[in-house]
Amino acid sequence: MKTHTNIPNLLTFARLLMVPIVVGLFYLDRPISNWAAASIFILACITDYLDGYFARTLRQTSDLGRFLDPVADKVLIAATILMLVGFDRIGPLSLIPAVIILCREVLVSGLREFLADTKVPLPVTQLAKWKTGIQMVALSLLIIDDIPGWPLPIDFLGTLGLWVAGFLTVLTGYDYLKAGLQHID
């Protein structure tokens with residue numbers, strides 16, 4: 001099997017294809033489109049987990065996958081945050097954790113790219129995995145926005161999760177930067 005058509009890479013390609021669907025659903029009638037967008041977003045998040053799982057267990061890692069997987073993750077998160085901001089689901093104050101999340105993604109990507117030339121890996125930490133999980137749940141809740149008659153304020157829980165993810169983003173970003181700076185002249 002060609003490495004670009006292995007299961008992990010196909011899941012990554014699928015995640016990339018889901019991004020324009022999530023974006024497009026923001027323009028349709030609510031609340032059905034919110035649920036559809038959240039469902040596709042959650043499915044994309046699941047493919048993020050599954051592509052890594054299959055790459056490890058089936059030993060189907062590839063250079064394309066190492067490149068494309070983090071790109072797909074960042075495109076999904078950045079596009080979703082931008083749509084949430086554009087549709088006023090992330091308020092002015094909550095732009096702070098959103099900007100922190102986006103900036104950390106750029107910082108870590110650049111650091112990983114630089115360190116790849118030096119053959120130094122920058123492995124994902126357990127705290128970073130928790131950050132990603134909380135971030136994905138928070139964004140899912142912000143996409144849903146509201147459930148009429150639901151006793152909990154979904155948008156508030158999503159915003160709270162975004163702040164928690166923003167805080168963890170600072171911690172993990174610092175950890176990555178500290179680890180990476182040891183290898184920079």
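- Applying the 6.0 Å contact sphere to CD1 of Ile32 captures no more than 12 heavy atoms from other residues, nucleotides or ligands.
- Applying the salt bridge (Lys or Arg N to Asp or Glu O under 4.0 Å) test to every pair with at least one member in residues 91-103, sequence neighbours left out, gives no pairs at all.
- The list of ring pair (Phe, Tyr, Trp, His ring centres under 6.0 Å) pairs with a residue in residues 74-102, not counting sequence neighbours, reads Phe26-Phe87, Tyr27-Phe87.
- Think of Ile96 as one node in a network of Ile, Leu, Val, Met, Phe, Trp and Tyr side chains linked at under 4.5 Å; its network also takes in Leu93, Ile100, Trp163, Val170.
- Contacts of Leu28 classified as side chain to side chain contact (heavy atoms under 4.5 Å, CB included), with partners at least two apart in sequence or in another chain: Leu25, Ser33.
- Judged as a side-chain hydrogen bond (donor to acceptor under 3.5 Å, both in side chains), and not counting sequence neighbours, Asp48 has no contacts.
- Every residue meeting the salt bridge (charged side-chain N to carboxylate O under 4.0 Å, His left out) condition with Lys74, not counting sequence neighbours, appears here in chain and number order: Glu105.
- Under the rule for a side chain to side chain contact (heavy atoms under 4.5 Å, CB included), the partners of Ile46 that lie at least two apart in sequence or sit in another chain are Ile42, Leu50.
- Judged as a side chain to side chain donor-acceptor pair (under 3.5 Å), the pairs with a partner in residues 37-47 (not counting sequence neighbours) are, in order, Arg15-Thr47.
- With sequence neighbours left out, Thr169 forms a side-chain hydrogen bond (donor to acceptor under 3.5 Å, both in side chains) with no residue at all.
- Here Pro153 pairs with Asp155, Phe156 under the side chain to side chain contact (heavy atoms under 4.5 Å, CB included) rule; sequence neighbours left out.
- Taking Ala128 as the reference, Arg104, Val124, Thr125, Thr172, Tyr176 meet the side chain to side chain contact (heavy atoms under 4.5 Å, CB included) condition, with sequence neighbours excluded.
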